[in-house]
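Single-structure report; data block below.
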Amino acid sequence: MIAIVDYGMGNLKSVEKGFLKVSCDAKVTSEPSVIENASGIVVPGVGAFRDCISRLKELGLVDVILKSIEKGKPYLGICLGLQILFTESEEFGRYEGLDVIKGRVRRFPDMGLKIPHMGWNRVHLKKRPPVFDSVPDGSYFYFVHSYYVEPEDTSVVAATTEYGIEFTSMIWRDNIVAMQFHPEKSQALGLKVLEGFGKICSGS
Amino acid sequence: MLAKRIIPCLDVRDGRVVKGVNFVNIRDAGDPVENAIYYDEQGADELVFLDITASHEKRKIILDVVEKTAADVFMPLTVGGGIRTMDDIRDLLNAGCDKVSINTTAIRDPEFIRRAAQRFGSQCIVVAIDAKRVHDSRFEIDAKRDVPDWLKDSKELQYLLIPEEGKREGKLWEIFTHGGRRPRGIDAVKWARFMEELGAGEILLTSMDRDGTKDGYDIELTRAVAEAVGIPVIASGGAGNLEHLYEALTEGKADAALAASIFHYREYTIEEAKRFLKERGVEVRL
């Protein structure tokens, strides 16, 4: 069973229904014990970095997430679930993240482009994580965000996307794969990503 | 590069699609999920449900519609119509919709937009604006003008009002509510910028002059708003052919084009529309 971590923010139902659609057993939960026993964890969510981190702390979920990652459990981060892995964010001044990936979360610079970066944009692969096994390079995925991640170690970058600048739209390191775009909102290709994660979790 | 979006809009009343795909075969034309699947298969970039349910008791039905749709269709879904409270927004988001579109409630209480954006994030707060061109004759004689009380009482926000005749510069558009029947005395371009300041994440801009005419979007209005704000703008009202979509997304500088009847009556598929746009150099997702 895959645990979709519920910390009271964002549209978790779409993620759950997405997994259901591709016949993966996934459950929305905020129970540390359920997360601990899950075969994989998904941290989705849109909204503010600060609120996300403080909600995870309030619910006592930070430890279990960090331990799961450490133990090598498959982790899928979506949008905020990507950003919180980083050292710190410049949203609302400076705010500390989980520091699993060294680097920063930064706001798009003012380039005369609309912010949030909202809509469909191309994901250009730098390396191909297993969740992208059946997804062509350069495919469109749905984005909605005003901040992007900037890892110090560029070897974790799995994909980039262009929006005025070329930013990191997916990272992959060992058991962690995390993306700025929303597979649960990206129609058929998005479902393939969820299905791919399901396969990793079930070990097939 | 970010693709320009094509968005079909479905009118839903009491849980049934009343303005949607004109199916000829056996499928249930009033079923929101069937309609959503039809557009999903064609590669629509997002979907908008406009809830026109009149009775308050039946308003919860839309939640069921959203939930069923979100279980089958994995694309961004916006719901507009009748959103009055924070709970309305929360319930819709929990049911599986991604954005809510707020119109009259923003006019009644602009601070609602600030509170909603703070609580749920700007990315899910769309402000819908219905605007008509100001023709001096019409503006002066219209006795029904209903300027919101908060605006009458606020000195610092007087700039939002359409100025008196003689003090006007350039082209102006006035905000209307109640399906285009009630003029509110507010300048649509300034209002859009004000809504952005309060935290709106997107503007859904409808020309009430063009809505239903098939004469094309009001390009000047679209461009005026798109240039005034730093958030995405969806053009709406007047799409009659593919050239109109092209105009809105290029000359009109809109980020997305919303249309209803040209897709519902299958004059064009979404895919045809996108091919047309792509051949003319517009970045679209195909």
Side-chain angles (χ1 to χ4, degrees), chain A residues 6 8-22 28 45-49 51-52 79-80 91 108 110-122 124 138-147 161-164 166 182-194, chain B residues 1-7 37 39-47 66-77 90 92-99 117-126 196 200-203 226-227 229-234 253-256 274 283-286:
Chain A
D6 178 10
M9 282 174 81
N11 187 352
L12 306 184
K13 203 161 254 171
S14 295
V15 180
E16 186 184 27
K17 284 174 173 169
F19 277 115
L20 190 69
K21 187 85 179 169
V22 295
V28 172
V46 285
F49 184 94
D51 298 345
C52 176
C79 195
L80 272 181
E91 192 172 350
F108 279 114
D110 187 5
M111 301 166 294
L113 292 171
K114 304 280 178 167
I115 295 172
H117 170 228
M118 186 192 291
W120 298 81
N121 207 335
R122 287 182 190 273
H124 301 285
S139 295
Y140 280 100
F141 282 86
Y142 189 78
F143 289 81
V144 49
H145 62 122
S146 304
Y147 292 79
T161 294
E162 269 175 52
Y163 192 60
E166 187 184 14
H182 292 267
E184 79 282 12
K185 288 290 156 188
S186 298
Q187 295 175 333
L189 286 180
L191 291 178
K192 281 188 177 174
V193 172
L194 298 184
Chain B
M1 218 169 102
L2 185 65
K4 299 280 187 180
R5 290 169 280 154
I6 301 296
I7 306 175
I37 290 172
Y39 284 124
D40 182 53
E41 284 168 353
Q42 287 185 12
D45 295 311
E46 294 188 22
L47 204 56
V66 169
E67 203 157 313
K68 286 196 176 116
T69 306
D72 250 320
V73 174
F74 296 88
M75 66 198 286
L77 179 63
R90 186 203 57 204
L92 282 164
L93 296 178
N94 283 343
C97 105
D98 301 282
K99 301 187 253 187
Q118 273 170 1
R119 172 145 170 213
F120 303 104
S122 292
Q123 81 290 333
C124 64
I125 305 300
V126 182
E196 178 186 12
E202 193 168 43
I203 301 287
E227 285 181 341
V229 298
I231 52 180
V233 174
I234 306 170
K253 298 196 168 182
D255 301 280
K274 288 191 173 180
E283 177 89 6
V284 287
R285 179 180 66 113
L286 265 170

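In the text below, chain A, chain B and the rest are named by the order of the sequence lines, each starting its count at 1. What's counted below: heavy atoms across the whole structure, side chains too, no hydrogens, waters or symmetry copies.
Interface remark: B:Arg5 contributes side-chain atoms only to the contact with chain A (heavy atom separation under 4.5 Å). Of the atoms belonging to B:Ala226, heavy atoms from both backbone and side chain fall under 4.5 Å from chain A. With a 4.5 angstrom heavy-atom cutoff, B:Glu202 touches chain A only via side-chain atoms. Neither the backbone nor the side chain of A:Leu20 comes within contact range of chain B; no heavy atoms are under 4.5 Å apart. Neither the backbone nor the side chain of B:Ala117 comes within less than 4.5 Å of any heavy atom of chain A. Neither the backbone nor the side chain of B:Val73 comes within contact range of chain A; no heavy atoms are under 4.5 Å apart. For B:Lys99, the part lying near chain A is the side chain, with the backbone staying farther off; criterion is any non-hydrogen pair under 4.5 Å. A:His145 does not touch chain B: none of its heavy atoms, backbone or side chain, sits under 4.5 Å away.
For the set B:Ala71, B:Gly201, B:Gly121, the count of heavy-atom pairs under 4.5 angstrom toward chain A peaks at B:Ala71. Note: A:Ile115 leads A:Val144, A:Ile115, A:Asp110 in heavy-atom pairs under 4.5 Å with chain B. Most heavy-atom pairs under 4.5 Å with chain A: of the set B:Cys124, B:Ala256, B:Ala3, this distinction falls to B:Ala3.
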- Item | Worked verdict on A:Tyr140 versus A:Arg122 for side chain to side chain contact (heavy atoms under 4.5 Å, CB included) | CA-CA 4 Å; A:Tyr140 280 100; A:Arg122 287 182 190 273; 3.5 Å; yes
- Please assess A:Gln187 against B:Asp40 for the test side chain to side chain contact (heavy atoms under 4.5 Å, CB included), listing each intermediate value before the final yes or no. CA-CA 8 Å; A:Gln187 295 175 333; B:Asp40 182 53; 3.0 Å; yes
- Message: Apply side chain to side chain contact (heavy atoms under 4.5 Å, CB included) to residues A:Lys114 and B:Val233 and explain how you reach the verdict.
- Response: CA-CA 9 Å; A:Lys114 304 280 178 167; B:Val233 174; 4.3 Å; yes
- Please report the C-alpha distance between B:Asp72 and A:Lys17 in whole Å, then the side-chain angles of each, then the deciding distance to 0.1 Å, and finally whether the salt bridge (charged side-chain N to carboxylate O under 4.0 Å, His left out) criterion is met. CA-CA 8 Å; B:Asp72 250 320; A:Lys17 284 174 173 169; over 6 Å; no
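Note: B:Lys4 NZ to B:Glu283 CD = 10.0 Å, rounded to the nearest 0.5 Å.
A perpendicular orientation is assigned to the rings of A:Phe108 and A:Tyr163, their planes being inclined by more than 60° (bins at 30° and 60°).
No donor-acceptor contact under 3.5 angstrom links the side chains of A:Asn121 and A:Glu162, judged on distance only.
Of the candidates A:Leu12, A:Leu191, A:Val15, A:Val15 is the only one forming a side-chain contact (heavy atoms from CB on, under 4.5 Å) with A:Glu184.
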